[in-house]
2 protein chains.
Amino acid sequence: MNTPTLRKPRRRTAEKQTKAEISRERVLAAAARIFSDRGYAGTTMRAIADGANLQAGSLYYYYPSKELLIEAVLDMGIHGVSASVYSAIAGLPPSTTYADRIRAAISAHLKSILEFGDYALASRRVLGQVPVEVRRKHVVRRDAYGDFWVRLLESAHGAGELRSDVDLKLARTFILGALNSALEWYRPNGMPIDEVAAQFTALIADGIFRR
Amino acid sequence: MNTPTLRKPRRRTAEKQTKAEISRERVLAAAARIFSDRGYAGTTMRAIADGANLQAGSLYYYYPSKELLIEAVLDMGIHGVSASVYSAIAGLPPSTTYADRIRAAISAHLKSILEFGDYALASRRVLGQVPVEVRRKHVVRRDAYGDFWVRLLESAHGAGELRSDVDLKLARTFILGALNSALEWYRPNGMPIDEVAAQFTALIADGIFRR
DNA sequence: GTCTATATGGTGATAGAC
DNA sequence: GTCTATCACCATATAGAC
């Protein structure tokens, strides 16, 4: 508020964001939260504006339409999670077994979906309700991430580290389905994420039955 | 069509449904499909009417509001699935091990969510978008079904059939999360349900890694 | 950058004819 | 039972003041 009306465009730095960048992030965060809560059609631009402490008309300064706003939310979710997982795996020593790579991917995926919370939730819950063009583009990105998992499982299978009767594509949907369900029930003040990750990793690795 | 305008109310039989009952089911089925596709707010009464070959105004002869219509859809999903699973378990011989009861429950759950398709999908996708009162009631029912799973796992654990370090509540959400994800990708012309059930059962029981 | 005011169109629900 | 016509409301998006 009360910023001088005329000022030079600022150099972007890591620490100082312009007023516009701050507002833009507030808008995006509010959008992610409300979209994931009420669905695409159930979310009004007024509600998002309210969550970002703006009036409805002001949103259009940052995003020219509801469609481009949900697209930005979905992008953030998909890119955030996949980039986190890719970088976690890339950071492992070359000698890491595939079994350990899978364990690392499970943990990284779980942590990053919970970290990206509302953005990941929005991907999960509203992707099916979004205008077709937006959906088409994002399904491509989501599938690319799914392919990463299949390749990881294939490598492990080729190295003889998996049970030989496991269907790899089915295993991928099984694993991601189980992990992503944490978005629906995990609460930050509950069990620490690391413990959830350890339990889920054990379940995926060895199942529930005693041997 | 072309039914006489005056006729006595019919006795209900298993084979013959009245015209009203047939239309009512068509409306419910169309509602389940469209709600699960477009979300609660994204579904218009006009679209449902269209799917049921009616005009929008005619829906209100069967359901007095959109809210009561989604409630009927959610009821069908939750009751259908839980009743199927309960009866599958009740039909097992008393001597059945808990491990085998769990296997049977996995298979029954998977088969019935896919059988109830759109109704189960609607529960999964729109429960969070529905008016609070409707949601409140249905969360109670869903939780009751979740408790059944926890009790089943507790019994197995008490009998020493599970790995002792498994967190039972976490295992329940893990199992149901993985199974329910099948709703998002399973297609009737793909892998037979029995085979999916066998694979998922093996994954939940023993995990993916070779020992 | 953010506001207010408003245009244009779609939505749930009702009334009453047939 | 199903239709047509319609009401009252709320949505996205735009225009222009500040």
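The basis for the numbers below is simple: all heavy atoms, side chains too, and nothing from hydrogens, waters or symmetry mates. Per chain, numbering begins at 1; letters A, B, ... match sequence-line order.
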Checklist outcome for this item: Residues at least two apart in sequence or cross-chain that pass side chain to side chain donor-acceptor pair (under 3.5 Å) with A:Glu25, listed by chain then number, are A:Gln17

Checklist outcome for this item: With sequence neighbours left out, the residues meeting side chain to side chain donor-acceptor pair (under 3.5 Å) with A:Arg142 are none

Rounded to the nearest Å, what distance is computed from the [atom1] atom of residue [X] to the [atom2] atom of nucleotide [N]?
| X | N | atom1 | atom2 | answer |
| --- | --- | --- | --- | --- |
| A:Tyr62 | C:dC3 | OH | C1' | 13 Å |
| B:Leu54 | D:dC3 | CG | C1' | 10 Å |
| A:Tyr63 | C:dG1 | OH | P | 15 Å |
| B:Ile48 | D:dT2 | CD1 | P | 16 Å |
| B:Ile22 | D:dT2 | CD1 | P | 10 Å |

Item to check | nucleotides 11-18 of chain C: protein proximity per nucleotide (B base, S sugar-phosphate only, - neither; heavy atom, under 4.0 Å) | outcome: SBBB----

Checklist entry - Is any side-chain N or O of B:Gln55 closer than 4.0 Å to OP1 or OP2 of D:dT4? => result yes

Checklist entry - When you check the phosphate oxygens OP1 and OP2 of D:dT2, does a side-chain N or O of B:Tyr61 lie under 4.0 Å from one of them? => result no

Item to check | Where at least one partner belongs to residues 55-65 of chain A, residue pairs that pass salt bridge (charged side-chain N to carboxylate O under 4.0 Å, His left out), sequence neighbours excluded | outcome: none

Item to check | Backbone N/O of A:Ser112 and side chain of A:Ser84: donor-acceptor pair under 3.5 Å | outcome: no

Checklist entry - Excluding sequence neighbours, so at least two apart, what forms salt bridge (charged side-chain N to carboxylate O under 4.0 Å, His left out) with A:Asp37? => result none

Next on the checklist: Considering only residues two or more places apart or on different chains, which pairs with a residue in residues 45-60 of chain B satisfy side-chain hydrogen bond (donor to acceptor under 3.5 Å, both in side chains)?
Outcome noted: none

Next on the checklist: What's the closest nucleotide to the side chain of B:Lys19 if the choices are C:dT2, D:dT2, C:dT4?
Outcome noted: D:dT2

